[in-house]
Each structure stands twice: as structure tokens, then as C-alpha cells.
Engineer: 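My questions all concern the structure below.
Numbers here are sequence positions counted from 1.
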Amino acid sequence: MSSAITPYFRLFILVIIITLAGCTSTQKQQEQDDFSDDASLRDSRDPFEAINRPFWTFTWDYVDKYIAKPSSEVYTTYTPPFLRTGLYNMALNLNEPASIINNALQLKFTAAAKNTGRFVLNSTIGLFGFYDPASDFDWSGEQEEFGEVLGTYGIGDGPYIVIPGLGPSSVREEVGDYIDGLYWPMVVIDFWPNMARLGILALEKRAAVRDQEQLVIESEDPYEFIKNAYFQNMNYKLYDGDPPIIINEAEEDEIDALLDDFDESY
């Protein structure tokens, strides 16, 4: 079985979400008309919220609580550190060819060269990526996804979606992940090795956010908290850690007016 099954599955889920959203839009049209005064409060990034929220509840309250979190804790606790690091390095190393192409498509030729050097050196001397000798040459392991390529050329995130059991995403990211899955060597990796790779990445990703999960629990609306964090992270990645500061001129004018009123009163 091909590793392309995974992106096909994600694409299938994406189609289901959009279809369900289209079916429910007619049903809810009257409700939206009744509450038209609240239209400005709705998030334009999240037109499928009525579907996303139940999917998020299922993902956070059940999949994460009973599967993802316990599995990650067991894996990180009982896996020897050298083996855990080596397996994670191998999983990341398989993404390097995609990063080479994606960086080149963004005209980041220096980064593409570093990705090439990392892949060649780690795949040979590093024993298929188990070790990371490329880091000794200060060749960073930052990777680029095709979704970032789309963003670089002006394509927005698109609607926010929650993949059941997997978590937050967007149309642009899903399209990007699908294309990344068609690059070599992903396209030739068999099903079970690819599942093992994805499993390692998922366990490490869950372990990485362990210290931040209390913020989600204590937030007033965990769904909104995660959605906003997702878009901030996507923007951070798109601008390579240096996103532009966007100033809301309307808010600035209101603040200036309040300050002027305050000064005049004294």
C-alpha cells in the first residue's frame, strides 16, 4: 500500500467537511437572518464553525485525553533517550527532500542548499538520519512545507477546519500536505513504515505541547484559543519567525482619541 493513502484520507475528510458545511448552510439560513446583528462577531476565517466545534470536542475530550496524551507519556517515559532522538531524527530526515524543493520554489536557495547538505550527510554518515552530524556544520533543521510556498505567493489560509482525531488545520495546509506527500521519498514509502513515521512525529508533537496544555484548559474558550494559536503559528512559519507587525489603524485612532480626552480633562 502506498504512503499516499494518508494524504488521500486527509483530502477525503476535507471534502466531507466542506460538503457537510454546504448542507447545513441552507438549514441555518433562517437562523443567520434572525441573528444578523451578530454577523460582525463571527470569525470569517471559520465559516465551518458549526461542524468544527463538535470535531474539536471529539478530538480534545476523547482522542487526545484517552489516546494521544497517554501514548505520548508512555513513549517519552520508557523509550531510551538516544533511541527516541534517533527515531525522531530519521522521521524528520525524510522530510528534507520536500524542504529542498519548497525552499527553492520560494527562491530561498541558501536554505535549499542547507537542506540538501543535511539530507546527504545525515542519510549517509548519519545512518539514514538516525544521527544528525549536519548540525555540527550549523545546518539548521528548519523545514518548509508546500503550504508555506502557497502563502508566499499570496494564497491565504482559507477556511479553518478541524480534522477529527488530528486537530486544527486549514484548506491551504491540507493542500500543502497533500502535495508534500507526493514528493520523493514519501510517495514510495510503504504504508506501515509511513504510519510509524507519522506516529513518531505525532508523539513528539504531543510531548512538545505538554507544558502548554494547561493554558488550553484554563482558557475561557479552548476552541477559540487553539484556533487563534493555530493561525499565529502559521503566520510565524510563513515569515520564518519574523512576522510583520500589523497595526489596526481604527483601534489606534480610538486609543489616541481617548488619550486626547484624558489629557484635556486634566
Engineer: Check whether any side-chain heavy atom of Tyr223 lies under 4.5 Å from a side-chain heavy atom of Val162, and answer yes or no.
Structural biologist: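 Side chain of Tyr223 against side chain of Val162, heavy atoms only: contact under 4.5 Å found.
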Engineer: Show which residues join Val209 in its hydrophobic cluster (side-chain heavy-atom contacts under 4.5 Å, direct or indirect), or state none.
Structural biologist: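 Same cluster as Val209: nobody, lone residue.
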Engineer: Which residue pairs pass the salt bridge (Lys or Arg N to Asp or Glu O under 4.0 Å) test with at least one member in residues 62-80, sequence neighbours excluded?
Structural biologist: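 Sorted pair list: Asp64-Arg206, Lys69-Glu213.
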Engineer: Would Ile125 and Val120 show up in the same hydrophobic cluster when neighbours are defined by side-chain heavy atoms closer than 4.5 Å?
Structural biologist: no
Engineer: Tyr75: which residues meet the ring-ring contact (aromatic ring centres under 6.0 Å, His included) condition with it, sequence neighbours left out?
Structural biologist: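 If we apply the ring-ring contact (aromatic ring centres under 6.0 Å, His included) test to Tyr75, skipping adjacent residues, there are no hits.
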Engineer: My understanding is that only residues two or more places apart in sequence, or in another chain, count here; which of them pass ring-ring contact (aromatic ring centres under 6.0 Å, His included) with Phe137?
Structural biologist: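 Here the qualifying residues are Trp139.
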Engineer: Among Asn89, Leu121, Asn93, exactly one meets side chain to side chain contact (heavy atoms under 4.5 Å, CB included) together with Asp132. Which residue is that?
Structural biologist: Asn89
Engineer: May I have all residue pairs that pass salt bridge (Lys or Arg N to Asp or Glu O under 4.0 Å) and include part of residues 48-57, sequence neighbours excluded?
Structural biologist: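 Those involving residues 48-57 are Glu49-Arg53, Arg53-Asp221, Arg53-Glu224.
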Engineer: Please check if any side-chain donor atom of Tyr230 sits under 3.5 Å from a side-chain acceptor atom of Glu173, or the reverse.
Structural biologist: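 Present: a donor and an acceptor within the cut-off.
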Engineer: Look at the side-chain heavy atoms of Ile, Leu, Val, Met, Phe, Trp and Tyr, link any pair under 4.5 Å apart, and say whether Leu92 and Met195 land in one connected group.
Structural biologist: no
Engineer: When you group the ILVMFWY residues by side-chain heavy-atom contacts below 4.5 Å and let the links chain together, are Phe128 and Val188 in the same group?
Structural biologist: no
Engineer: Give every residue pair that meets the salt bridge (Lys or Arg N to Asp or Glu O under 4.0 Å) criterion with at least one member in residues 154-167, sequence neighbours excluded.
Structural biologist: Asp157-Arg172
Engineer: Would you mind listing the cluster partners of Ile100? Hydrophobic ones only (ILVMFWY), side-chain contacts under 4.5 Å, chaining allowed.
Structural biologist: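 Ile100 clusters with nothing; isolated.
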Engineer: Indicate yes or no: at least one non-hydrogen side-chain atom of Trp184 is less than 4.5 angstrom from one of Ile101.
Structural biologist: no
Engineer: Does atom OH (Tyr153) have a neighbourhood of more than 12 heavy atoms from anything else shown, all under 6.0 Å?
Structural biologist: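 More than 12 within 6.0 Å, yes.
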Engineer: Who are the ring-ring contact (aromatic ring centres under 6.0 Å, His included) partners of Phe58, not counting sequence neighbours?
Structural biologist: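 For Phe58 there are no ring-ring contact (aromatic ring centres under 6.0 Å, His included) partners, ignoring immediate neighbours.
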Engineer: So which pairs with a foot in residues 78-87 pass side-chain hydrogen bond (donor to acceptor under 3.5 Å, both in side chains), sequence neighbours left out?
Structural biologist: Arg84-Glu204
Engineer: Filter on side-chain hydrogen bond (donor to acceptor under 3.5 Å, both in side chains), then keep only pairs touching residues 158-167, sequence neighbours left out; what's left?
Structural biologist: none
Engineer: Taking only residues two or more places apart in sequence, or in another chain, which ones meet Glu145 in a salt bridge (Lys or Arg N to Asp or Glu O under 4.0 Å)?
Structural biologist: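 Partners of Glu145 by the salt bridge (Lys or Arg N to Asp or Glu O under 4.0 Å) criterion, ordered by chain and then number, come out as Lys237.
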Engineer: Salt bridge (Lys or Arg N to Asp or Glu O under 4.0 Å): which pairs involve residues 93-113, sequence neighbours left out?
Structural biologist: Glu96-Arg118, Lys108-Glu144, Lys108-Asp240
Engineer: Under 3.5 Å, side chain of Asn194 to main-chain N/O of Asp190, donor-acceptor pair present?
Structural biologist: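 No: the side chain of Asn194 does not pair with the backbone of Asp190.
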Engineer: Taking a hydrophobic cluster as the set of Ile, Leu, Val, Met, Phe, Trp and Tyr residues connected by side-chain heavy atoms closer than 4.5 Å, whether directly or through intermediates, do Leu203 and Leu94 fall within one such cluster?
Structural biologist: no
Engineer: With a 3.5 Å cut-off and no angle check, do the side chains of Ser170 and Arg45 form a donor-acceptor pair?
Structural biologist: no
Engineer: Judged by modelled atom types alone, do Tyr183 and Asn102 share a side-chain donor-acceptor pair under 3.5 Å?
Structural biologist: yes
